[in-house]
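Okay, so here's the structure we're looking at.
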Amino acid sequence: MDLRESARIAADTIAERLASPQDVQGLHHRQGWWPQSLAHGAVGVALLHIERARTDQGPWQRAHDWLACAAAEPAVGGTDSHLYYGAPALAFALHAAADRPGRYARALNTLDRYVTTAIRDRLAGAHVRMDRGETPVLAEFDAIRGLSGMGALLLHRDVHTDVLRDILTYLVRLTEPVKHDGELLPGWWSHLAPSGKTSPDYPEGHANNGVAHGIGGPLAMLSLATRRGVTVDGHLDAITRILAWLDHWQQDGPTGPWWPYWITREQLRSGTPSPGPSRPSWCYGTAGFARAQQLAALALNHPARQRLAETALLRAMTDPDQLGATVDFSLCHGFAGLAHITQLVAAEAITPGLTECLPRLLAPITDTAPGTLAGSLIDPPGGGDIGLLEGAAGTALALHSFRTGTPSASGWDTCFLTN
């Protein structure tokens, strides 16, 4: 069977299993039932049906049902909200569903008030923290929970450009070196462990490189904004500083370049990271690093760096050991994510060979019988995650994107800061 047809059947089967909230609400998923979660809940499933409806692959009613489920309770705002949860996640999904001017305008205006208030409060707190010379928590700036993700929402929606510029100004300041205990550290150095908590294993904190929770997210955000013509003072210098850090820590192995997930203070002093490469995922691995650096190269008009980033991805996607470290189907750290990022990078690449990687990346998913695939993703105890980040909706969206071979109609993938 043709690979695109296999992808279509698999995506259709997952979408059918997720046809309505009532079909899965009582399955006791390991993530619980969080309707306003883009990562694990109803908002993520709504995106699947929105994208399918916008490409005439499914009925709008399913999208409306999942949006209604997500919005059944008052929107969560304030410190508990972020791109992947609460009012920002709802705004992201409603914007994706707004296929004509004015649709959901009242609801979006209401959600915008929650979102902009939360952003301004966080920016004020972040600048106070910087003024005190303290180090940040990852959730202050990262793509999932932090201001990079909130910036991606505003950039995608093309609203509140003044607030977006304030986020960009903050990200520029975040990249400026700071001195702690006599040592010069990157401005995003956190006193916490990669888990976002204190840990005796990270007594002096770390510098996180990942796209999901580290400086890869701000790099992608700054680069995407540059490509859209939205810049602030010091913008390009900030991109250059992040790239210089990644260049310093780039490791050149027999299977191509790779970057460590994070750097501890001990590693900073010794100049030697942990051994690798590890899993080449979006969240922390070479796939995410490569796309973020390709976006930066395109923003800076730097073909040599673009080739380096694309070659790193190509080498990783053809390395049996790195692919062997990938053990699930998710967008976050599985084969769906590798395939989707490779498709995005290939669409803008000056390096040949990336498109030819897609059949191998999709094979673990499409070679599974569609019913078995859907059950393994959705049904507890083996599955049990319906959402976008690590669950069934995200896998189905990657399959759908491969099948259409065109950019996302709804912009669902912009929440990964890859597009």
Side-chain angles (χ1 to χ4, degrees), residues 138 142-143 186 188 194 202 206-220 223 239-264 266-298 302 304-328 330-346 348-354 356-358 360-361 416-418:
L138 302 179
D142 73 12
W188 62 91
Y202 296 85
H206 77 296
N208 199 299
N209 294 334
V211 174
H213 297 299
I215 197 59
L219 174 62
S223 301
I239 293 175
T240 302
R241 279 193 290 271
I242 301 171
L243 291 174
W245 168 268
L246 293 175
D247 287 348
H248 178 77
W249 290 104
Q250 178 184 316
Q251 306 299 301
D252 295 305
T255 57
W258 59 275
W259 294 266
Y261 287 5
W262 50 73
I263 299 298
T264 66
E266 182 179 348
Q267 291 166 348
L268 183 69
R269 292 165 183 152
S270 70
T272 305
S274 298
S278 301
R279 182 173 59 186
S281 55
W282 164 75
C283 51
Y284 275 109
T286 299
F289 290 130
R291 178 56 171 168
Q293 292 191 64
Q294 185 198 38
L295 290 171
L298 290 166
H302 198 315
R305 180 173 294 280
Q306 183 179 346
R307 288 190 186 92
L308 185 149
E310 293 164 2
T311 299
L313 180 63
L314 179 62
R315 298 287 298 276
M317 295 304 99
T318 53
D319 176 19
D321 290 338
Q322 290 189 66
L323 295 182
T326 303
V327 296
D328 67 43
S330 72
L331 281 174
C332 182
H333 43 249
F335 285 104
L338 298 184
H340 191 64
I341 289 174
T342 300
Q343 184 174 352
L344 290 173
V345 172
E348 300 187 274
I350 55 177
T351 305
L354 286 161
E356 288 74 17
C357 296
L358 292 174
R360 184 176 186 179
L361 298 176
F416 288 90
L417 282 70
T418 52

List the atom pairs, with distances to 0.1 Å, where a side-chain N or O of residues 268-278 and a protein N or O form a donor-acceptor pair under 3.5 Å, not counting sequence neighbours.
unit_1, atom_1, unit_2, atom_2, d
R269, NE, E183, OE1, 3.3
R269, NE, E183, OE2, 3.1
R269, NH1, E204, OE1, 3.0
R269, NH2, E183, OE1, 2.9
R269, NH2, E204, OE2, 2.9
S270, OG, E266, O, 3.3
S270, OG, Q267, O, 3.4
S270, OG, T272, N, 3.2
S274, OG, Q267, NE2, 2.9

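- How far CG of L313 is from CZ of R291: 10.0 Å, rounded to the nearest 0.5 Å.
- The heavy-atom pair separating L138 from P194 by the smallest distance is CD1-O, 3.7 Å.
- The minimum heavy-atom distance between W258 and T286, with the atom names listed, is CB-OG1, 3.9 Å.
- For W188, the ring-ring contact (aromatic ring centres under 6.0 Å, His included) test picks out W245, with sequence neighbours left out.
- At least one donor-acceptor pair closer than 3.5 Å links the side chain of W282 to the backbone N or O of F416.
- Y284 pairs by the ring-ring contact (aromatic ring centres under 6.0 Å, His included) definition with Y261, W262, not counting sequence neighbours.
- For P280 against Q322, the heavy-atom pair with the smallest separation is CD-O, 3.3 Å.
- In this view, Q250 and D252 satisfy the side-chain hydrogen bond (donor to acceptor under 3.5 Å, both in side chains) rule, not counting sequence neighbours.
- In this structure, the separation between OG1 on T418 and CD on Q294 is 10.5 Å, given to the nearest 0.5 Å.
- Distance check, rounded to the nearest 0.5 Å: CD of E348 to CG of L298 gives 5.0 Å.
- A donor-acceptor contact shorter than 3.5 Å links the side chain of E310 to the backbone of T351.
- Here the closest heavy-atom approach between residue P186 and residue A207 is recorded as CG-CB, 4.1 Å.
- Looking at residues two or more places apart in sequence or on another chain, you find a salt bridge (charged side-chain N to carboxylate O under 4.0 Å, His left out) between D247 and R305.
- T326 pairs by the side-chain hydrogen bond (donor to acceptor under 3.5 Å, both in side chains) definition with nothing, not counting sequence neighbours.
- Scanning for salt bridge (charged side-chain N to carboxylate O under 4.0 Å, His left out) contacts around E356 gives an empty result, with sequence neighbours left out.
- Two residues are said to be in side-chain contact when any heavy atoms from C-beta on lie closer than 4.5 Å; C283 and H213 fail this criterion.
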Side-chain polar contacts of residues 336-345 - donor-acceptor pairs under 3.5 angstrom, sequence neighbours left out - could you list them?
unit_1, atom_1, unit_2, atom_2, d
H340, NE2, D413, OD2, 2.9
T342, OG1, L338, O, 2.7
Q343, NE2, S401, O, 3.1

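- A distance of 7.5 Å separates CZ in R360 from OG1 in T318, rounded to the nearest 0.5 Å.
- With sequence neighbours excluded, the residues forming a side-chain hydrogen bond (donor to acceptor under 3.5 Å, both in side chains) with S330 are D328, listed by chain and number.
- Qualifying side chain to side chain contact (heavy atoms under 4.5 Å, CB included) partners for F289, counting only residues two or more places apart in sequence or in other chains: N209, W259, Q293.
- The nearest pair of heavy atoms linking R315 to T255 is CB-O, 3.1 Å.
- Separation of atoms CG (L314) and CG (D319) is listed at 11.0 Å; rounding is to 0.5 Å.
- Shown here for Q251 and P260, the closest heavy-atom pair between the two residues is CG-CD, 4.4 Å.
- When the side chain to side chain contact (heavy atoms under 4.5 Å, CB included) test is applied to A296, the partners found at least two apart in sequence or on another chain are L219, S223, I239, L243.
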